[in-house]
Amino acid sequence: MISVNRYKCGYCGACVSVCPVGAIELIETWIEIADTCNECGACARICPIGAIEVLA
Amino acid sequence: MRDKYDIIVVGAGPAGSITAKTAAMRGCNVLMIEKRQEIGDPVRCAEGVAKLRIKKYIEPDERWIAAEVMGSRIFAPDGTGVELSEDVSGSEVGYVLERKLFDRALADAAALAGAEVQVKTRATGLIMEDGYVKGITAMHLGCEEVEIRSDIVIGADGIESKIGRWAGIDTTLKPSCVNTCAQFLVADIDIAQDRCEFHLGSAVAPSGYLWVFPKGNRCANVGIGVGGNTCNPGKRPIDLLQDFVRTRYPDGKIIELVVGGEPASGPIERTVANGLMLVGDAARQVDPLTGGGIANAMDAGSIAGDVAADAISEGDVSEARLQEYDAGWRDEFGKRLDRSLAVKDRFVTLTDDDLNKLAHSVEGLDFATMDLFGLLVTLIKKNPKSLWSLRKMFV
Ligand SMILES: Cc1cc2nc3c(=O)[nH]c(=O)nc-3n(C[C@H](O)[C@H](O)[C@H](O)COP(=O)(O)OP(=O)(O)OC[C@H]3O[C@@H](n4cnc5c(N)ncnc54)[C@H](O)[C@@H]3O)c2cc1C
Ligand code: SF4
Ligand code: SF4
């Protein structure tokens, strides 16, 4: 499961650019993750502020 | 909003606004959409730009110039400093902008030239027919999705670009090809207001660098960018930045936070398709070494706007016709991106010791009339062994 901390997220869109399946969408001040996410963790890795986590 | 235009530009950053302005001035019917409700806000930028490259497109206006800088100083891990001058140009400094106002001024200019601008309007997909892009689907002010048609769609949708992917151009970045960044606007600090600073080394910014760009009035953008592959819990840009600012500017007041990613992949293979072009960060046209992307985005936008106008008047918007744009921007700054990528790829492998040695090798030399390119040439000449791989590109 992928978890986004909306209170941490700085809505910068960096995570969108590394998602191999295009599952992330930045909308104004939050991100949405579609169920096509394969939990590769790329988005969590590069987030400058640590707002995304892949939960076991 | 109408249901058909000559050109739809998606994204109202510098790339989109210059594209829209150029095409509108050529008599095209242009719609530029921006998904945010406020153009230019929030900022994701350190705001440094070479004066000469901006002046080509817009008359300087003190409202969006926060500071003017004469040069920059690069610090090796052990504190050895190398000074570079700005007036030979080529460096990414000159003005430190107020991007919130700058981006709006550019969008304004596009609107004045005749482009229609719509905010809080998000492209959600492309209309594809017979292998051609024929427009977009979009949500305007949160209402139901609508179809808007056009002969050409231009993706100026920044780092998070989807337009290319929807048209079959894979713009996905590897984590190592994103510089992940955090920046504070720090107020009430004693810094040189006429110079930008860059700090290297594993302690401040592993495989990246830290910057201090003056914004006038005892304020500065203090930021860190590191390679996405080296970004680890506890050592993320935000953590590194907090450590640095706490130690270096204990009395500074943080009045803004910026986070963001810079594409650092170097040029992508293809930036056009039938009825489609990509410009700016969407086309990964950012300098991989300096992270500078504003001026390239504007150059590319101006070429794209012209080629789009010509293609439409000729009634041929095929990939082959639009290729003129792809060739045009590569001609303008493609080589610079290649070179910067090679330097970046070499520099991220250097240890603190290596970096110190490089700095010592040019210590005492006069770089007051030299830019980044000149410095790199000198470094390669003085350190042929460690920088061997870069020799061909520079000397
Ligand atoms: C921390 C940081 C520091 C930087 N420092 C510098 C610097 O000092 N100097 C420099 O030259 N460059 C710098 N850059 C790079 C620079 O900010 C970018 O290269 C520049 O903004 C690119 O302009 P653009 O128009 O291509 O994209 P952007 O300015 O990102 O604009 C893209 C726009 O498209 C919109 N959009 C996205 N998707 C959609 C959609 N589906 N529908 C509608 N609209 C959409 C976005 O909301 C956005 O407004 C920095 C970047 C970062 C992250
Ligand atoms: S990279 Fe992090 S801060 Fe930026 S939009 Fe994604 S989750 Fe939010
Ligand atoms: S975990 Fe991987 S697939 Fe899932 S949203 Fe993040 S980048 Fe995309």
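The sequence lines fix the lettering, A, B, ..., with proteins before strands; numbering per chain opens at 1.
- Residue B:Glu38: no heavy atom, backbone or side chain, is found under 4.5 Å from chain A.
- Atom-to-atom distance recorded for B:Cys181:SG and A:Ile49:CD1 is 12.5 Å, nearest 0.5 angstrom.
- Here A:Glu28 does not pair with B:Arg122 in a salt bridge; the nearest charged N to carboxylate O distance is not below 4.0 Å.
- Within 6.0 Å of the CD atom in A:Glu25, the count of heavy atoms belonging to other residues, nucleotides or ligands exceeds 12.
- Looking at B:Leu257, only its side chain comes within 4.5 Å of chain A, counting heavy atoms on both sides.
- Closest non-hydrogen pair, B:Val259 versus A:Pro48, comes out as CB-CG, 3.9 Å.
- Atom CD of B:Glu262 sits about 11.5 Å away from atom OG of A:Ser17, to the nearest 0.5 Å.
- The number of heavy-atom neighbours closer than 6.0 Å to NZ of B:Lys253, taken from other residues, nucleotides and ligands shown, is above 12.
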Worksheet item: Yes or no on side chain to side chain donor-acceptor pair (under 3.5 Å) for A:Arg45 and B:Asn229, after CA distance, side-chain angles and deciding distance?
Response: CA-CA 7 Å; A:Arg45 172 115 224 206; B:Asn229 54 328; over 6 Å; no

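- Interface residue B:Pro42: only side-chain heavy atoms are found under 4.5 Å from chain A.
- Listed options B:Thr171, B:Leu241, B:Val226, B:Thr172 were ranked by heavy-atom pairs under 4.5 angstrom with chain A; first place goes to B:Thr172.
- To the nearest 0.5 Å, the span separating CD1 on B:Ile159 from CG on A:Leu26 amounts to 11.0 Å.
- Contact detail for A:Ile46 and B:Thr180: the closest heavy-atom pair is O-OG1, 2.8 Å.
- When all heavy atoms of B:Gly260 and A:Cys12 are compared, the closest pair comes out as CA-CB, 3.6 Å.
- Interatomic distance, B:Glu160 CD to A:Ile31 CD1, rounded to the nearest 0.5 Å: 11.0 Å.
- By number of non-hydrogen pairs under 4.5 angstrom with chain B, the leading residue of A:Gly10, A:Cys19, A:Cys43, A:Ala44 is A:Cys19.
- Proximity to chain A (any heavy atom under 4.5 Å) is shown, for B:Pro175, by both the backbone and the side chain.
- Looking at B:Lys35, both its backbone and its side chain come within 4.5 Å of chain A, counting heavy atoms on both sides.
- Checking side-chain atoms of B:Arg236 against main-chain N and O of A:Cys47 turns up a donor-acceptor pair under 3.5 Å.
- When each of A:Gly22, A:Ala42, A:Cys15 is scored by its heavy-atom pairs under 4.5 Å with chain B, the top score falls to A:Gly22.
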